[in-house]
Protein chains: 2
Amino acid sequence: MTVTIKDVARLASVSVATVSRVLNSSAPVSPDTRERVLQVARSLHFVPNGSARSLSRRRAAALGVILPDLYGEFFSELLRGIDQAAQRASHSLLVSSSHHDARGIGSAIRAMRGRVDGLLIMAPEVDAADVAEVLPADFPTVLINGAAASSSVQTITVDNFGGAQAMTEHLLSLGRRRIGFIAGAAHNADALERERGHHAALQSAGLPIDPELYVRGDFSEESGWQGAATLMGILSPPAAIFAANDAMAIGAISYLREQDITVPERMAVVGFDDIPVARYLNPSLTTVRVGIAALGQQATALLLDALDNRAPPTNVASRSVLPTHLVIRGSCGSPTSAPSRQPAASSTARNGFDETPIVSH
Amino acid sequence: MTVTIKDVARLASVSVATVSRVLNSSAPVSPDTRERVLQVARSLHFVPNGSARSLSRRRAAALGVILPDLYGEFFSELLRGIDQAAQRASHSLLVSSSHHDARGIGSAIRAMRGRVDGLLIMAPEVDAADVAEVLPADFPTVLINGAAASSSVQTITVDNFGGAQAMTEHLLSLGRRRIGFIAGAAHNADALERERGHHAALQSAGLPIDPELYVRGDFSEESGWQGAATLMGILSPPAAIFAANDAMAIGAISYLREQDITVPERMAVVGFDDIPVARYLNPSLTTVRVGIAALGQQATALLLDALDNRAPPTNVASRSVLPTHLVIRGSCGSPTSAPSRQPAASSTARNGFDETPIVSH
DNA sequence: CAGCTGGATGAAAACGTTTACATCGGGAGC
DNA sequence: GCTCCCGATGTAAACGTTTTCATCCAGCTG
């Protein structure tokens with residue numbers, strides 16, 4: 001039915017070995033047989049079978065990507081970065097999402113065994129040690145935004161703590177001393193770090209930590225909406241809302257608008273991530289830039305390096321941290337934030353390599 | 001190095017055939033050997049090699065997904081729908097993006113040959129016939145939002161024409177008779193259909209088609225920003241802007257805000273797609289709901305059906321069209337659009353099966 | 001001219017599964 | 001007590017590549 005290398009060999013009256021050599025230019029072949037083989041291959045529309053090739057070569061030229069979800073702009077940005085880096089290295093992507101616990105991740109990994117050369121796992125709600133457990137031994141893996149456990153798997157993260165700290169300091173510098181905080185899910189590593197950063201900034205400013213000013217969301221717009229509603233319902237509402245990610249900030253602003261509470265005049269709202277849409281919101285969103293696509297690219301680069309054995313020795317768990325940057329826009333009411341005359345997203349920015357340096361801790 | 005079925009067989013002192021039978025429960029095996037095999041397999045952490053399995057079975061339990069891009073919420077929604085449907089059928093996803101022309105699509109397909117059982121291709125800027133050309137003969141394929149060519153490949157689309165027509169009619173009914181239109185890329189099939197729908201509505205209302213009111217974008221926020229700038233620069237600016245997708249509508253609103261032109265009072269702005277963030281914008285975006293995730297799910301369901309040969313005969317090109325719905329929110333200035341008290345995105349809506357019926361043309 | 005060297009090729013053994021096909025019991029039917 | 005069938009297993013042939021090894025021949029070197 002489907003045309004195989006044998007068909008090509010037969011019609012070109014050579015052995016399959018020669019066909020393979022021509023197609024991969026892996027050994028010298030005389031110019032005329034080479035031409036003959038190519039011609040037959042073209043005319044038959046021959047395309048080598050990927051599974052057979054992977055099996056024989058013992059490498060698949062593919063990477064596995066395991067994500068907790070695909071909802072919202074964050075994951076598509078991440079995937080975009082991963083895809084760019086993988087494609088540059090001629091690798092395909094086997095993607096699987098909706099994996100929130102170690103069991104689910106385990107079964108996703110099993111489905112990928114033998115079809116991928118390495119694994120990119122984002123599991124902010126799962127302990128890194130638990131992930132390591134379900135991992136095949138010595139399988140090249142990079143964990144994205146995992147909890148900072150002392151496991152043996154390579155990890156890349158964003159400076160959640162520093163970013164949140166800087167943001168809270170910024171809000172304080174604007175004179176907003178009562179800050180409501182919409183946190184992420186309780187077991188989410190990123191969410192926790194951002195919370196810690198916020199705390200740290202408050203404490204070093206000598207401010208108390210008021211439990212009434214804390215509500216817990218789940219990184220969805222809806223939970224941001226709910227969070228804002230809760231915060232506005234307390235006896236003395238805050239003067240600013242710091243949502244632990246942009247999606248929740250968007251939800252919060254949406255609630256405030258419905259209540260005719262003007263942002264930023266009556267309420268400053270800030271987020272975290274700098275998803276692409278943030279700069280186009282009304283008001284444009286002050287946030288912490290993460291360089292999501294760059295994160296994906298760096299993670300992929302790390303993995304590809306490991307595959308080429310330009311890698312750190314497998315038993316040394318390295319941990320990379322990408323820096324974050326404050327992006328001051330309209331929603332925080334900062335006087336420095338004049339409306340930009342041009343949208344910042346130029347076509348070059350859209351391909352998204354931010355060249356953010358890596359700092360190892 | 002890695003543990004294979006032979007290792008399991010040896011340690012359980014049975015043949016590889018028996019191990020395979022146990023693992024797939026494909027033939028009766030006595031309870032005690034069965035138990036013994038399972039125990040050995042577990043203790044060795046044996047996981048079957050996917051490539052070998054695909055090769056032997058002649059099916060990969062994977063689908064190939066080829067997208068033009070990954071930027072923005074549209075594609076992540078689509079991918080989310082596809083992933084849901086595929087996962088339900090225990091299929092993996094091999095994803096490849098950034099393919100805008102037939103050549104790129106062709107090479108992506110070649111890389112997937114033998115690793116996937118079917119193909120999901122979104123290529124709005126490529127003629128369906130050109131896609132069919134680079135397709136392996138008789139390979140199960142579903143085209144998403146492809147141009148309506150008479151090719152032999154199955155296609156699923158959204159009712160772009162009807163949606164755009166309804167939207168323009170709505171704007172006209174609000175008394176906005178001068179409507180600026182920000183179109184999509186010139187060769188984009190979806191964009192063209194939406195343009196046609198807009199035209200049709202104008203014509204049946206007896207209105208002229210003013211070329212000054214047409215600007216061409218590329219579905220990015222930035223091009224929406226530029227488009228709005230252009231439209232505001234003409235001698236007698238419009239009273240409404242219809243952007244051919246939500247991203248451009250967001251860009252347009254962003255420009256208008258910078259110019260202190262209030263939306264919807266001085267300018268109505270509407271979009272197309274109903275990406276998740278649309279309802280959280282300020283003002284919330286009036287748009288045409290497409291059910292993006294549902295589109296992905298339906299496309300995948302169609303493909304899976306074809307794989308099971310519950311399919312339409314391969315030589316009959318079927319064409320499915322999903323209906324679209326007007327979603328009236330704040331940005332069009334419609335009196336009927338009272339602010340909702342609750343965000344519409346409930347957690348059930350987030351898993352996104354819209355149950356939108358399929359209408360075949 | 002004997003002995004190398006190396007380019008061009010083919011035969012066949014991997015790679016790790018699944019799956020015909022074959023074998024061997026033993027219990028049921030007569 | 002003889003078939004017949006069926007459950008439980010093993011052997012080996014696929015699946016479609018790549019790659020090692022071997023072979024052959026031509027052209028050098030000495």
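Throughout, protein chains are lettered first and strands after them, A, B, ... in sequence-line order, and every chain is numbered starting at 1. As the structure is a computational prediction, the values presented were derived from the model and not from experiment.
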- Task: Could you give me the CA-CA distance, side-chain angles and deciding distance for B:Arg36 and B:Thr18, then say whether side-chain contact (heavy atoms from CB on, under 4.5 Å) is met?
- Result: CA-CA 11 Å; B:Arg36 188 153 33 97; B:Thr18 301; over 6 Å; no
- Query: Could you go step by step and tell me if A:Leu94 and A:Arg115 meet the side-chain contact (heavy atoms from CB on, under 4.5 Å) rule?
  - Reply: CA-CA 8 Å; A:Leu94 206 50; A:Arg115 343 177 77 130; 3.9 Å; yes
- Verify side-chain hydrogen bond (donor to acceptor under 3.5 Å, both in side chains) between B:Ser51 and B:Ser54, making sure each step is shown before the conclusion. CA-CA 5 Å; B:Ser51 294; B:Ser54 309; 5.9 Å; no
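Using a 4.0 Å cut-off between charged side-chain N and carboxylate O, A:Arg80 and A:Asp83 make no salt bridge.
Close to C:dT17, at under 4.0 Å from its OP1 or OP2, lies no side-chain N or O of B:Ser20.
Per the geometry, CD1 belonging to B:Ile5 stands 19 Å off P belonging to D:dC15, to the nearest Å. The NZ-P distance, from A:Lys6 to C:dA11, rounds to 13 Å in whole Å. Distance, B:Arg10 CZ to C:dG16 C1': 14 Å, rounded to whole Å.
Atom CG in B:Asp130 sits 6.5 Å away from atom CD in B:Glu133 (nearest 0.5 Å). Atom OG of B:Ser96 sits about 4.5 Å away from atom CD of A:Gln87, to the nearest 0.5 Å. Note that CG of A:Asp117 is 8.5 Å distant from CG of A:Leu303, once rounded to the nearest 0.5 Å. Considering CG of A:Leu143 and CG of A:Leu302, their distance stands at 11.5 Å, rounded to 0.5 Å. Rounding to the nearest 0.5 angstrom, the gap separating the CG atom in B:Leu322 from the CD atom in B:Gln297 is 11.0 Å.
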- Message: What does the B/S/- profile of nucleotides 7-13 of chain D look like, 5' to 3', with a 4.0 Å heavy-atom cutoff to protein?
- Response: -SBBB--
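In this structure, the side chains of A:Ser76 and A:Phe74 stay at 4.5 Å or more apart for every pair of heavy atoms. Counting heavy atoms from C-beta outward, A:Val142 and A:Leu119 have side chains that stay 4.5 Å or more apart.
One axis for each end of the helix from C:dC1-D:dG30 to C:dC30-D:dG1, each built from five base pairs, and the angle between them comes to 50° at 10° resolution.
Residue contacts for A:Thr4: at a heavy-atom cut-off of 4.0 Å it reaches the sugar-phosphate backbone alone, with no base atom in range.
For residues 43-64 of chain A, proximity to DNA chain C is found at A:Leu55, A:Ser56, A:Arg58, defined as any non-hydrogen atom under 4.0 angstrom from a strand atom.
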